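Down below is the structure, laid out as structure tokens.
We use all heavy atoms of the structure for the numbers below, so side chains are in, but hydrogens, waters and symmetry mates are not. Throughout, numbering of the chain's residues begins at 1 and tracks the sequence. All values reported here derive from a predicted model rather than from experimental measurement.
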Amino acid sequence: MSIKSFGAKIFASIIHKKTQKWLKNPVETQAKVLADLVEQAKHTAFGQDHDFMAITDAKTFAQRVPIRDYEGLKPYVDRVVKGEEDVLWKGKPLYFAKTSGTTSGAKYIPLTKESMPYHIEAARNAILAYVHETGIADFVDGKMIFLQGSPILEQKNGINLGRLSGIVAHYVPAYLQKNRLPSWETNCIEDWETKVDAIVEETVHENMTVISGIPSWVQMYFERLKAREGKGVGEIFKKFNLFIYGGVNYEPYRAKFEQLIGRKVPSIELFPASEGFFAYQDSQTEKGLLLLLNAGIFYEFIKVEEFFAANPRRYTIGEVELGVNYVLIISTNAGLWGYNIGDTVQFVSLKPHRIVVSGRIKHFISAFGEHVIGKEVETALQQAMEGTGVQVNEFTVAPQITPADGLPYHEWFIEFGQAPEDMEAFALRIDEALRKQNVYYDDLIVGKVLRTLVIRSVEKDGFQAYMKSIGKLGGQNKLPRLSNDRSIADQLKIE
């Protein structure tokens, strides 16, 4: 055992003990976080506008701070972007994480000196939780890679601006710098396809032990490695034994990854975003991701079915229930208040509080009142694939409201790595699995409002071509699993 791996085990034990303290006291931990946030921001423009001096608990906070998305908070953000101090949080932010907006163009998410450390610590602690539980730490002696955006930062009125993954690249601990790939120069390549080719050349002969990134883009890296060397990734990297991912559900990709790698590799799921690092997988045996209750973020939860009501109830951590689909609302030490990040979650455990990401409040299909969410289509596809040998590279689903003939239906656009022998039978398997999860969808099928879903096979690399056509190839960009319209569906090329 190396000194580095021995040290990792000791450090993992220390972090585990610290984690146990707050996860066993969730209500008190969150109350303390809220009180600290309000105290630090009470003299800001936002704090004065919303009478922070009078806030004493979650109830009075909810009375004074309405739910907002980026558009709702934009007037305050614009003031910060122009260089004004003490607007949403004390002083000025260290960075803006630039993300793609749907209606407002670019979004500028502030990152402060108080919030930035939590992004780094959460990723570190996820790995240490794995070390503590499994006792495996030898991967720290090999090379590690994170497929990410460029670390080159711009300036916006004296504040550094870039993609979150690029900003985080500036915070890689010194003890990992020698192990980290790709090089700074390769990471700075903007064109994603050129960058992946450069990463392949730079890593193919290295001792890669940890690989991380969004599954769809890691798959592209793996495919090019295999094409170059003519053998599986697991054979190229014989000591590759940990895959770290986030952004999308890994399950639809798992069979394809195992085929590309040539064996099973343990994995850790993360739930990071520009707005905060919310959760990570802390166990290889328990379902769900540990919600980080002591990380400078106060959480509120709104039931999905109540979200669009005039004044929906906001639940705190002590009031949530298992299996309920909640819209996640956050208030943070980066100055986001009552902020709807757009993600929906379900609790799978309350001791400790573990969640699964169930979808996006804007990404759903309810063209006929079915309320189908991301988690349901991903689970249905995974169940349909079991034992069939079918492999899926990527997929998305849209409603077909006005078919040329017959009843309307859900249209599934799938790029197969290994297509089913009987497409109609496979479609029926997905349909049956979806009907078992969603009673509204089942009622529509039974009532002959909808007919069984239809699968369209997307040509090879068709989704990559689509993402490239809209300027979102690679990095942290993700394909929506669901659309309530045909904005994506009508641009895809079918075999």
Would you check if [X] and [Y] make a side-chain contact, meaning some heavy-atom pair closer than 4.5 Å?
X	Y	answer
Arg228	Ile236	no
Glu378	Gln382	no
Phe237	Thr203	yes

Side-chain H-bond candidate by donor/acceptor type, Gln219 with Asn393, under 3.5 Å: yes
Under 3.5 Å side-chain donor-acceptor pair for Asn160 and Glu154: no
Electrostatic pair Arg456:Glu411 at N-O distance under 4.0 angstrom: yes
Note: Lys256-Glu394 ion pair, threshold 4.0 Å (strictly below): no
Students often mix this up, so state it plainly: with edges at 30° and 60°, are the rings of [X] and [Y] parallel, tilted or perpendicular?
X	Y	value
Phe243	Phe257	tilted
Tyr441	His410	tilted
His170	Trp184	perpendicular

Atom pair CD1 (Ile329) and OG1 (Thr316), whose distance is rounded to the nearest 0.5 Å: 13.5 Å
CD1 on Ile189 to OG1 on Thr186, rounded to 0.5 Å: 5.0 Å
